[in-house]
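Computed from a prediction, not measured in an experiment: that's the story for all the values here. Throughout, protein chains are lettered first and strands after them, A, B, ... in sequence-line order, and every chain is numbered starting at 1.
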There are 2 protein chains.
Amino acid sequence: MSEKHERERQGARRSDATRATILAAARERFATDGYERATIRAIARDARIDPSMVMRYFTNKEGLFAAAVTLDLQLPDPTAFPRDEIGRRLVGHFLRMWEENEVLTALLRVGTTNPAAAERMHQVLREQLAPVARRICPVPEEAPVRAALCASQVLGLALSRYVLRFPSTVNLSHEQIVDWLGPTVQRYLTAKTP
Amino acid sequence: MSEKHERERQGARRSDATRATILAAARERFATDGYERATIRAIARDARIDPSMVMRYFTNKEGLFAAAVTLDLQLPDPTAFPRDEIGRRLVGHFLRMWEENEVLTALLRVGTTNPAAAERMHQVLREQLAPVARRICPVPEEAPVRAALCASQVLGLALSRYVLRFPSTVNLSHEQIVDWLGPTVQRYLTAKTP
DNA sequence: GGTGTTGGTCAACGGGTGTTGGACAACGGG
DNA sequence: CCCGTTGTCCAACACCCGTTGACCAACACC
């Protein structure tokens, strides 16, 4: 038992590798297939393990999704750079995030069908984006609305580019997207209420 | 047979009512549940008919979806009103459309999971929105890109408001949305290339 | 070196899905 | 009034899903 506690302290369980493999496979499937079509069987096949292992580790499909999809946007401190560049910086940050972290696409795709995922998106908006908005928008009480407006533009672009794959949107470079969307986000955050 | 032809001409088949009922139920289910969770059995139950009727009329679930979801945005002629009001008018038009026609939500929800629905959205963008952009944007070759940018903002708002139901977005009035998004769409369509 | 704990596999269950074909009812022209 | 066409329902098929529990293998400790 003392051994066991020691192992737990250093966090080196033998099964952690499998656990991680399952989570990686789950993230990928959820991102490309959505909730219903990402079957436990398919995820298990990708991870080269038995479907029942998924249940052992995460109790059910809901639990697997909750464990696989945790999102930290790593938003920068908006007061760290010039006020009139905030829009462009944020758009650039989102683009980079979206392309290196498939959790974003998974959450977007699943959120349209699965209430739990949608709730998770509410939470990200409330706890990660809105606080940034509060620090820079003219009237702090408007922060939730302004954050939601930014979210609508960023999510809409992600939908067009990474989910629906509109050719005209896919072909844009990062720079072009920042040039077009930057001013929009900037206005949603800093312009006076229309 | 002559009778039959006559009936076809006046289009009054006995089964047309059932057909329409099925389509209405299908639209509603697809809009609220997405493709996979909108089961043929559930749709049939809503329409108070047997599941096999759906197959007889539409051969497939795919066929049912294709028949149920046909979209005409009824976009106005953009040259009909002042050039600097186009953005606001289009946003208002989309809002009205979206709330009176559940096909829009159905297409959006299903499009994130179903390739055929996504392709249908490409088509709407190409054949309905892009032509409008071509008539007013500075460089006609940029019409597809500018249309896609408008689509990203409009779809993002629809996603936030009608699918994910972000409270801050749901609580906005039509006027507020037009005030915020109008200038964005206006810029995407008419501003010079950044 | 036995022995309990942990990691993993196998086969199955109950339920829901899209889809099919055959039987029955209602209408409409001769 | 009959009969073919048209509309509808019923029962079933084959498949796939999430989930379960019994069984096996390998390791760690006495």
Q.
Which helical stems does DNA chain D take part in, if a stem means at least 3 consecutive Watson-Crick or G-U pairs with both distances below 3.5 Å?
A. C:1-30 with D:1-30
Q. How close or far is atom C1' of D:dT19 from atom OH of A:Tyr57, stated in whole angstroms?
A. 17 Å
Q.
I'd like to check the side chain to side chain donor-acceptor pair (under 3.5 Å) partners of A:Thr190; sequence neighbours left out, ordered by chain and number.
A. A:Gln186
**Q.** Residues that B:Arg29 engages under side chain to side chain contact (heavy atoms under 4.5 Å, CB included), provided they are two or more places apart
**A.** B:Asp33, B:Ala38, B:Ala42, B:Ile43, B:Asp46
Q: May I have the distance from B:Met53 (atom CE) to C:dA25 (atom P), rounded to whole angstrom?
A: 16 Å
Q) Who are the side chain to side chain donor-acceptor pair (under 3.5 Å) partners of B:Asn60, not counting sequence neighbours? A) none
**Q.** Between C1' of C:dG7 and CG of A:Asp16, the distance in whole Å
**A.** 12 Å
**Q.** side chain to side chain donor-acceptor pair (under 3.5 Å) partners for A:Glu142, two or more places apart
**A.** A:Arg146, A:Thr193
Q: Grab the CD1-C1' distance between A:Ile49 and C:dT9 for me, whole Å please.
A: 11 Å
Q | Partners passing side chain to side chain contact (heavy atoms under 4.5 Å, CB included) against B:Arg126 (at least two apart in sequence or in another chain) | A | B:Glu119, B:His122, B:Gln123
Q: Measure from CZ on A:Phe58 to C1' on D:dT20 and round the result to the nearest Å.
A: 18 Å
Q | A:Ser152 and A:Tyr188 side chains, donor-acceptor separation under 3.5 Å | A | no
Please tabulate, one pair per line, all N/O donor-acceptor pairs under 3.5 Å involving side-chain atoms of residues 18-28 of chain B, not counting sequence neighbours.
unit_1: B:Thr21; atom_1: OG1; unit_2: B:Ala17; atom_2: O; d: 2.8
unit_1: B:Arg27; atom_1: NH1; unit_2: B:Ala68; atom_2: O; d: 2.8

Could you go through nucleotides 16-21 of chain C and list every protein N or O atom that sits under 3.5 Å from one of its N or O atoms, giving the distance for each pair?
unit_1: C:dG18; atom_1: OP1; unit_2: B:Ile40; atom_2: N; d: 3.4
unit_1: C:dG18; atom_1: OP1; unit_2: B:Lys61; atom_2: NZ; d: 3.1
unit_1: C:dG18; atom_1: OP2; unit_2: B:Ile40; atom_2: N; d: 3.2
unit_1: C:dG18; atom_1: N7; unit_2: B:Arg41; atom_2: NH1; d: 2.5
unit_1: C:dG18; atom_1: O6; unit_2: B:Arg41; atom_2: NH2; d: 3.3
unit_1: C:dT19; atom_1: OP1; unit_2: B:Asn60; atom_2: OD1; d: 3.0
unit_1: C:dT19; atom_1: OP2; unit_2: B:Lys61; atom_2: N; d: 3.0

Q: List in chain and number order the residues that pass ring-ring contact (aromatic ring centres under 6.0 Å, His included) with B:Phe94, two or more places apart in sequence or in another chain; answer none if no residue qualifies.
A: none
